[in-house]
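We number each residue from 1, following the sequence as shown.
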Amino acid sequence: MSSGTNAGRRGVINDDEATALLGPLPHHARSPNIPGCIATRHVLVLLAFLGFLNVYMMRINLSVAIVAMTDDNNKTITPIHHNDECPGPFLNSTKKPKSTAKTFPWDEDTQNQILSSFFYGYILTQIPGGWFASRFGGKWIFGLGVLCTSFLSLLTPLAASAGVGWFIALRILEGIGEGVTYPAMYAIMAHWAPKYERSKMLITATSGGIFGTVIANPIAGVMCDSNFLQGWPSVFYLSGALGFIWFIFWALLIHDTPAKHPRISQEEREYIEKSIGPRQMTSMHVPIVSILTSVPVWGIIISFFCTAFGGYILLIDLPNYMKNVLKFDLSQSGFLSALPFVIMWLFYIIGSFIADFLRQKGYLSTVKTRKLFNSLGTLIAALSIAMVIYVGCNKYLAVMFFCISSIGSGLFQSGATVNHLDIAPKYAGVIFGIANMAGNSTGFLAPTIVGILTEGNNTKDQWQIVFWICCALYLLSFVTFVLMASGEEQPWAKNDPNGPVLDVNVDYNTSHVSDSDDPNEISKDMLGKL
């Protein structure tokens, strides 16, 4: 059947069908050779990477520093007697750090309150951060979020000395500041990421957070165990100072849109704008009812919640399992606890480049690419965590399967995690804020469930229940995203409620942008070019 007959029967051709019919993109629809050493959109990715690296260092370093901040009388120095299921060495924590700074009489419950207080603020600004970034531009929302967190990091020693209440309040404020960063980055990428570079640009930028997790613990450990700036305070001074330095470069080099950038080449600006169509800051109106009743949006939200649960188990509770059940001495095996995050970071990047390659070459449509990577990631993670259950006390096989699960965690970032930009680029920041708020609620739920299941009974059998819950949630993410995901920009995301519909269609042969309101006219016009 001819393409014209087929189109006439179905009414309109979408972007993915056009790509499949046209085959690989011709040269003038691909990324051009940009004059100069580096394209401006790549400068954006680099500085975003460094920004996320710094905020994750500020988020994670307290988990190490709090050990040095707490009086020895309030630390557990007795041998571990939780269970004798897995053989291991005699473990204790009698080593005293070299830090000469003031320490505090915080018991375990107080320490947990301090560590979790960050997330109280973090979830509060997810949706507002996306809304403000979509309305006013993401540059200053992201930049000021990092700057605010950096300033508060410098005040950490002072707040800790003032009292627990002041310290918890400061951590909540840090969470409020950092909470806008991810939604703001999605709003920025809606203006800067060409259609076939969305995965690699966004994932490379946000992978700075994973890289920050990798380097935060060892750096914080070394600095806490030194006399530099009295020990543990130096951790917060370093990350805060780096944030101020980063902000100077961000403010000078980054702009909200290609049209506003004074140094972008004409070739790069035309390439970006022809790829994504003309983008402007959204009006005050956000179609919240359409968003919350959209099936593809709920596919993203459910996937975020399910995969984040497993992620927080890995980030927060894995050291507990490795130390108390597998009997690893993590003070001597820090590399093993960081290894899953190194692997996750690598597959963040690798997966994003493969995803964009498959879409750009026309091998897979957008929706099939997103479903493929989300499916691979969640199934690999589920099967690997299940294997951790079956290897039991074989600690090295357990570490191997935790690392394989991190491969899955890296791959599904090119699935649901970037799908906002496909279905609603104009409102990507708002949708991400909603989804990330749901995902980060597991920052409370995961440790709480682990605590309920293992309190007074920190055994391999109880941890198997935790891991089965992770497997079930990964499988739920797999099923729901396959059934609910879309790769097309949704009608409510295209239409301006205060004006005529603007339906942007890029013709690869002429780079013509059609602004017809009639989808049948658009279809006929496009078929004529075919």
Side-chain angles (χ1 to χ4, degrees), residues 39-52 54-55 124-150 176-195 197-198 201-202 204-206 208 243 246-265 268-288 291 418 420-422 424-436 489 493-494 496-499 502 504:
T40 53
R41 68 188 187 281
H42 298 152
V43 174
L44 166 65
V45 171
L46 174 61
L47 285 175
F49 175 91
L50 295 175
F52 280 114
N54 199 57
V55 293
L124 289 178
T125 49
Q126 293 295 311
I127 296 176
W131 185 86
F132 279 108
S134 297
R135 177 67 182 89
F136 301 108
K139 171 187 174 177
W140 292 113
I141 302 298
F142 183 86
L144 292 174
V146 177
L147 185 66
C148 173
T149 311
S150 301
I176 290 173
E178 191 173 322
V180 303
T181 53
Y182 271 96
M185 186 50 56
Y186 275 75
I188 293 171
M189 289 297 174
H191 295 277
W192 278 95
K195 179 176 179 179
E197 296 183 27
R198 286 172 182 168
M201 283 184 63
L202 184 60
T204 301
T206 57
W246 170 89
F247 180 78
I248 294 172
F249 288 94
W250 179 265
L252 293 176
L253 298 178
I254 301 304
H255 296 268
D256 284 315
T257 66
K260 293 182 178 180
H261 202 297
R263 294 176 299 277
I264 190 173
S265 69
E268 184 180 12
R269 176 179 171 178
E270 289 179 355
Y271 165 63
I272 295 171
E273 291 181 345
K274 287 177 181 177
S275 175
I276 66 176
R279 300 283 183 199
Q280 297 179 355
M281 304 304 170
T282 59
S283 65
M284 295 294 289
H285 174 82
V286 174
I288 192 66
I291 290 173
V418 295
H420 316 72
L421 289 172
D422 302 320
K426 184 189 294 185
Y427 304 109
V430 176
I431 298 173
F432 179 84
I434 296 171
N436 206 35
E489 189 170 355
K494 291 181 181 179
D496 181 357
N498 299 317
L502 178 66
V504 178

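Between Tyr182 and Phe52, the ring planes lie tilted relative to each other; the angle falls in the 30° to 60° range.
Among Trp246, Tyr186, Phe132, the single residue meeting the ring pair (Phe, Tyr, Trp, His ring centres under 6.0 Å) criterion with Phe142 is Trp246.
Ala435 is linked by a side chain to side chain contact (heavy atoms under 4.5 Å, CB included) to Ile300, Ile301, Phe304, His420, counting only residues two or more places apart in sequence or in another chain. Scored by the side chain to side chain contact (heavy atoms under 4.5 Å, CB included) test, Thr125 finds Ile176, Val180 as partners (sequence neighbours excluded). Under the side chain to side chain contact (heavy atoms under 4.5 Å, CB included) criterion, Phe247 pairs with Trp140, Leu144, Leu147, Ala251, not counting sequence neighbours. For the side chain to side chain donor-acceptor pair (under 3.5 Å) test, residues two or more places apart in sequence or in another chain that qualify with Asp422 are Arg198, Arg370, Asn419. Every side chain to side chain contact (heavy atoms under 4.5 Å, CB included) that Ile127 has, sequence neighbours left out, goes to Ile434, Met437.
Gln126 approaches Gly433 most closely through the heavy-atom pair CB-O, 3.2 Å. Of all heavy-atom pairs between Leu124 and Pro128, the closest is O-CD, 3.4 Å. Here the shortest heavy-atom pairing between His191 and Thr257 reads ND1-CG2, 3.6 Å. Across all their heavy atoms, Phe49 and Thr204 have their closest contact at CD1-O, 3.2 Å.
Residues Phe432 and Met189 form no side-chain contact, since every pair of their non-hydrogen atoms from C-beta on lies 4.5 Å or further apart.
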